Visitor: 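Handing you a structure now.
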Amino acid sequence: MMPLNAIDRLKQTVTATWESPVADRSAALWGYAPGTAKWWRSSASHVFVIPDPNGKRYLRFVPDAHRSAESFSAIAELTARLADRGVPVARPVASEAGPLTATVDTPLGPMHAMVIEAAPGETLDADELDENDARAWGAALARVHRDAADLGRRLPGPLRELPEAAALFAADPDLAAAAAALHERLRDLERDPSCFGVVHGDFELDNLAWNDGVATAFDFDEACRSWYAADVAFALRDLTDETGLPAAGHRGRFAAFIDGYRSVRPLSEADLPLFAGLNAIAALVRISTALATPEPDEPEWKADLRTDLAAMADGHRRLVINAAERCRSLEGRSGRDSGPRGEPMGSTVA
């Protein structure tokens, strides 16, 4: 996510009617009049809702200081090409000048912007999900992995936050040691096309809209080239506990997700707890970057969000330590009751 200070600067421009001159500058490139775009939320990007005769749309933009124009346009290109291939994703809309993205000068500096169509349907949370939905969810992610396999030339590589962890966690020896142990495990992992390619990066339920059993994905802000299992582990965070394993109340949904994924392409579950821990390290780095230093007299919303992020960080810390302990335990059993590459005997590779 963006630093809280960057989010706050945008929020200070938002009026009581949810309008912003920053959004107006960007929306104008798609032909929308001032005041049309209404602020909805800010996280990895600023998002404004745009009413449109052809259906609701969303304006998304990010500061140049947070993301490059090249990286931002790569996301728009990826989603457009997936939509062209029939994958259910929210399609980007061309600007009046023709490109899918544009860079515009605003009162807060240069912003990279795009407009996307609204995904049809409603979001579901984990408790609303039945096993058929979970199966469709897994299949939807597998289709993204399968159909985006040749589209990643301009996308960044995996888990880019990991090199920063050593310095950030230096004052927490247990966390630092666990993070280093998990990072070390990456050296043993293959990167062949069967297990490594284009991933969504945030395929959680709040980035899906459901309509007649079909899940349409949006918010590709974190798309990159990574291990498919890392993307699966991130998607399943709402169904797992602080060890990265299925939570007691979600085991049926978890299994159904895996079944759905395997109906489209192969997947081994062996590395999911490892990637759950690695994803948690990356999340801790992002949270640390977002929090920055508290400012005097910061607004209540910002203080509340800082508290929520700190609590979230505690959960990620426990997951990192638990995942490292589990990996050490499996290494201790390696060669005695495990199969190739440390996969537990009896694990299924579809």
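None of these values were measured; they are calculated from a predicted model. Numbers for residues simply follow the sequence, beginning at 1.
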Visitor: If I compare all heavy atoms of Leu108 with all of Met111, which pair ends up nearest, and what's the gap?
Guide: CB-CE, 3.8 Å
Visitor: Do Trp137 and Phe257 make the cut of ring centroids closer than 6.0 angstrom?
Guide: yes
Visitor: Is Arg265 close enough and on-axis enough to Tyr228, meaning under 6.0 Å and within 45°, for cation-pi?
Guide: yes
Visitor: Less than 4.5 Å apart, side chain to side chain, heavy atoms only: is that true for Arg57 and Trp30?
Guide: no
Visitor: Would you indicate whether the side-chain heavy atoms of Ile116 and Val93 approach each other to under 4.5 Å?
Guide: no
Visitor: Do side-chain atoms of Ser73 reach the backbone of Ala69 as a donor and acceptor pair under 3.5 angstrom?
Guide: yes
Visitor: Give me the atom names and distance for the closest heavy-atom approach of Lys56 to Val49.
Guide: CD-CG1, 3.5 Å
Visitor: Can you find a pair of side-chain heavy atoms, one from Cys327 and one from Leu274, that are under 4.5 Å apart?
Guide: yes
Visitor: Closest approach of Ala148 and Leu78, non-hydrogen atoms and distance?
Guide: CB-CD1, 4.0 Å
Visitor: I'd like to know if the side chain of Asp221 and the backbone of Ala44 have a donor-acceptor N/O pair within less than 3.5 Å.
Guide: no
Visitor: Do His200 and Phe234 have ring centroids that are under 6.0 Å from one another?
Guide: no
Visitor: On the six-membered ring of Tyr58, is Arg60 placed so that its NZ or CZ lies under 6.0 angstrom from the centre and within 45° of the ring axis?
Guide: no
Visitor: Kindly give the heavy-atom pair with the smallest separation between Pro63 and Met2, and that separation in Å.
Guide: CD-SD, 3.4 Å
Visitor: Regarding Glu269 and Arg262, does a basic nitrogen lie under 4.0 Å from an acidic carboxylate oxygen?
Guide: yes
Visitor: Would you name the heavy atoms of Asn207 and Asp202 that are closest together and state the gap between them?
Guide: ND2-O, 2.8 Å
Visitor: Aromatic rings Trp18 and Trp39: how do their planes relate, parallel, tilted or perpendicular, breaks at 30° and 60°?
Guide: parallel
Visitor: Just wondering, more than 12 heavy atoms not from Arg41 lying within 6.0 Å of its CZ?
Guide: yes
Visitor: For Asp150, enumerate each residue passing the salt bridge (Lys or Arg N to Asp or Glu O under 4.0 Å) test, keeping only those at least two apart in sequence or located in another chain.
Guide: Arg85
Visitor: Please examine the side chains of Leu4 and Arg306, heavy atoms only from C-beta on, and report whether any two atoms are closer than 4.5 Å.
Guide: yes
Visitor: Is there side-chain contact between Ile258 and Leu272, with at least one heavy-atom pair below 4.5 Å?
Guide: yes
